[in-house]
Amino acid sequence: MKFFYNIVLFIPFLFSQEPDPIKSGIAPYQNEYTDEYDVLSYDLEIGLGEESNEIVGKAIITLIPKKDIDQIMLDFTGLSIQNILINSYNANYSYKNGKISINSKEFKVNKALSISIEYSGKPDDGLIIGKNVHGNRSVFADNWPNRARFWFPSKDHPSDKAMVNFTIHAPSKWNVIANGVLVEKPKIANKNAIGPKEIRRTWKWKSSVPIPTYNMVIGAAELDITTLGIANFTYSASSLRSDGSIEVSNWTFPEDTEKSKPSFKRSIEMVNFFATKIGPYPYEKLANVQSSTRFGGMENASAIFYSQEAIAKGRNIESTVSHEIAHQWFGDSVTEKDWHHLWLSEGFATYFGALFFEQSEGRDNFIQIMKKSRKRIFQSKATDRPIVDYEIKDLYKLLNSNNYPKGAWVLHMLRGLLGDEIFFYGISKYYSKYKNKTVLTDDFMRTMEEASGKNLQYFFDQWIFSPGYPIIEFDQNWIPKNNGNGKMIITINQTQKKKWPTFIFESKICWDNNKCIPVKVDQKTQSFEITTLIEPDSIYIDPENWILMDIQN
């Protein structure tokens, strides 16, 4: 009987050929993603089998046109389509080159509708199906940057965030994690559930706030679930608890549960720190998940996926955990509208991930982290390009030192310029204004200008939209006086490449035992004067490490 059911199940594969997949990570062409329509929600039903590398899926996409249009384009690739309906009626569509083009007269301005798509096949990417690091079967989504399209049809771009609901039929011995909250206790799957006819359980997860498609994930495997406890100071509007707190848990392969504990033991402390510093935690839970992601960590909203290999080897990845938890606020809740503004995600997560260790381990530890980041910037070829670099067409090449450590240094310098009180007030204001929305760099700049009362255009122009950093050389000239104080003339020369800007920054010039004067550097060559009784033994700049610069002397 089981053999018969399997034949019935896979009939679609025999008659509906899977097309070749497109290449992932290609930046969209100009105006590929417009606001002609807004996706409100994805209801995704996925059937999984213990031995099959193929899936059966059904996606119900609820959307609303922003104007009268006759065609809607969705991203989808490498899987076969069995049927498409619009509001329960057969749709006229074409499917090629990674796009589903759906034509209809039903697409009327502000008229919500549902598109139902039934599909099946073996995902070529995005949903990783196979053996985990211990040789056991597992299924994990890994969508960044635009690989959701390999396992469910979508508007696969960060500019359009939506809610997502998952119904997953998975082998009975597996546990299934996904975004949002588990809406009911897993139960034995109905015999008519899509996918292989074996004993399975049905899991239903539901999100309550919109997230980008690259965050929409499932994970299914034999997993231990360890509840770490409750984060008490989140006051999240999406929390299911009356006190506004959320549950923090770990999902690990049984072989690695003990090994994972050092990495995740301070997760609750991290959530509480960021909630206090930024604003309420934005999601229903926080699950740390050992997975088969190709990255060291992937910040999926409320269900963070970490490298299975790192955890299996017993590595302490606590710095990655801090980074990924910070992403829940920046990248997930406040999302870059365009991939080329990725620093708004990765630079923020890098800096705030480090800030956790500033408060827990001390300022000296934090400065060492920033110095290591600075060294990476100095050694990187990416520094010869601006952080926001529209010439990059391969999205994977955005995972560079500009968007990570240099983006973090931009925030650090802004903090030094504005001071802690104004900086963190501005950060909280920015988060509050744009949570669950999308942003560009100008949105952040304007918010920080409002918070500080300063014109910050020059700051963002030179650090975000221009390449490089200041390379500083000192000239010193001591002029003694016979009747008292002498003076030291200090000339600062910016010697960076000609195509890099002349940087403007505020700092301090100091000598001997931390005697300092404030300076504003805004020219290629600039002189400053200090008066002392005797010639200083040492001259130095930026004693508190606030400025990203390479001092040659």
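Position 1 is the first residue of the sequence; numbering continues from there.
Rounded to the nearest 0.5 Å, atoms CD1 (Ile225) and OG1 (Thr252) are 9.5 Å apart. Separation of atoms OH (Tyr434) and CG (Leu440) is listed at 9.5 Å; rounding is to 0.5 Å. Taken from CG in Leu63 to CG in Asp38, the straight-line distance is 8.5 Å, to the nearest 0.5 Å. In this structure, Asn288 CG and Leu228 CG are separated by 7.0 Å, a value rounded to the nearest 0.5 Å. To the nearest 0.5 Å, the span separating NZ on Lys58 from OG on Ser116 amounts to 4.5 Å.
With sequence neighbours left out, the side-chain hydrogen bond (donor to acceptor under 3.5 Å, both in side chains) criterion links Glu318 to Arg266. Remark: Ser249 engages Trp251, Ala287 in a side chain to side chain contact (heavy atoms under 4.5 Å, CB included) (not counting sequence neighbours). Considering only residues two or more places apart in sequence or on other chains, Ser207 meets the side chain to side chain contact (heavy atoms under 4.5 Å, CB included) condition with Met163, Val164, Glu284. Every residue two or more places apart in sequence or in another chain that forms a salt bridge (Lys or Arg N to Asp or Glu O under 4.0 Å) with Asp156 is listed here: Arg149. For Ala354, the side chain to side chain contact (heavy atoms under 4.5 Å, CB included) test picks out Phe366, Ile369, with sequence neighbours left out.
Here Asp142 pairs with Arg147 in a salt bridge; the nearest charged N to carboxylate O distance falls below 4.0 Å. A salt bridge is defined here as a Lys NZ or Arg NE, NH1 or NH2 lying under 4.0 Å from an Asp or Glu carboxylate O, and Asp125 with Arg294 meets this definition. Remark: Glu54 does not engage Lys122 in a salt bridge, criterion side-chain N to carboxylate O under 4.0 Å.
Taking the six-membered ring wherever Trp is involved, the centroid distance between the rings of Tyr306 and Phe264 falls below 6.0 Å. Aromatic ring centres of Tyr430 and Phe348: separated by under 6.0 Å. Ring centroid separation for the pair Phe352 and Phe356 does not come in under the 6.0 Å cut-off. Aromatic rings of Tyr119 and Phe76 (six-membered ring for Trp) have centroids within the 6.0 Å cut-off, being under it. The distance between the ring centers of Trp174 and Trp203 does not fall below 6.0 angstrom. Between Trp329 and Phe274, the distance separating the two ring centers is shorter than 6.0 angstrom.
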Verdict with reasoning, Gln308 to Ser138, per side-chain contact (heavy atoms from CB on, under 4.5 Å): CA-CA 11 Å; Gln308 60 175 338; Ser138 66; 5.5 Å; no
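Counting heavy atoms from C-beta outward, Ile81 and Tyr93 have side chains that approach closer than 4.5 Å. In this structure, Pro171 and Glu198 have side chains that are in contact, with non-hydrogen atoms separated by less than 4.5 Å. Residues Ile304 and Leu286 meet the side-chain proximity criterion, which asks for heavy atoms closer than 4.5 Å. In this structure, Tyr431 and Ile427 have side chains that are not in contact, with every pair of non-hydrogen atoms separated by 4.5 Å or more. Between Phe330 and Ser345, every side-chain heavy-atom pair lies at or beyond the 4.5 Å cut-off.
Distance alone, capped at 3.5 Å, places no donor-acceptor pair between the Asp68 side chain and the Lys108 backbone. Put simply, the side chain of Asn400 gets close to the backbone of Lys397: a donor and an acceptor are under 3.5 Å apart. Panel note: side chain Glu336, backbone Val439; no donor-acceptor pair is recorded below 3.5 Å. Under a 3.5 Å cut-off, the side chain of Ser432 and the backbone N or O of Ser428 do not form any donor-acceptor pair. Looking only at distances, a side-chain donor or acceptor of Ser380 sits under 3.5 Å from a matching main-chain atom of Ala382. Side chain of Ser307 to backbone of Ala310: a donor-acceptor contact under 3.5 angstrom is found.
When each of Thr438, Thr335, Asn436, Asn215 is tested with Lys161 by the rule side-chain hydrogen bond (donor to acceptor under 3.5 Å, both in side chains), just one qualifies, namely Thr335. Here the rule is side-chain hydrogen bond (donor to acceptor under 3.5 Å, both in side chains) with Trp343, and of Thr350, Thr441, Asn402 only Thr441 fits it. Of the residues Lys173, Arg137, Arg200, the one that meets the salt bridge (charged side-chain N to carboxylate O under 4.0 Å, His left out) test with Glu50 is Lys173.
Applying the salt bridge (Lys or Arg N to Asp or Glu O under 4.0 Å) test to residues at least two apart or on different chains, the pairs with a partner in residues 85-99 are Glu32-Lys99, Asp75-Lys99.
For the residue pair His323/Glu346, the side-chain donor-acceptor check at 3.5 Å is satisfied. Between Gln290 and Asp256, the side chains place a donor N or O and an acceptor N or O closer than 3.5 Å (distance only, hydrogens not considered). Residues Asp43 and Asn165 bring a donor and an acceptor atom of their side chains to less than 3.5 Å of each other. With no hydrogens or angles considered, no side-chain donor-acceptor pair links Tyr214 and Asn146 at under 3.5 Å. Side-chain atoms of Trp144 and Thr293 include no donor-acceptor pair closer than 3.5 Å.
No more than 12 heavy atoms of other residues, nucleotides or ligands shown are found within 6.0 angstrom of CD1 on Ile199. Around CD of Glu184, the count of heavy atoms belonging to other residues, nucleotides or ligands within 6.0 Å exceeds 12. Heavy-atom contacts from other residues, nucleotides or ligands closer than 6.0 Å to NZ of Lys285 number more than 12. Arg315 CZ: 12 or fewer foreign heavy atoms inside a 6.0 Å radius.
Cation-pi contact between Lys155 and Tyr37: present, with separation from the ring centre below 6.0 Å and deviation from the ring axis of at most 45°.
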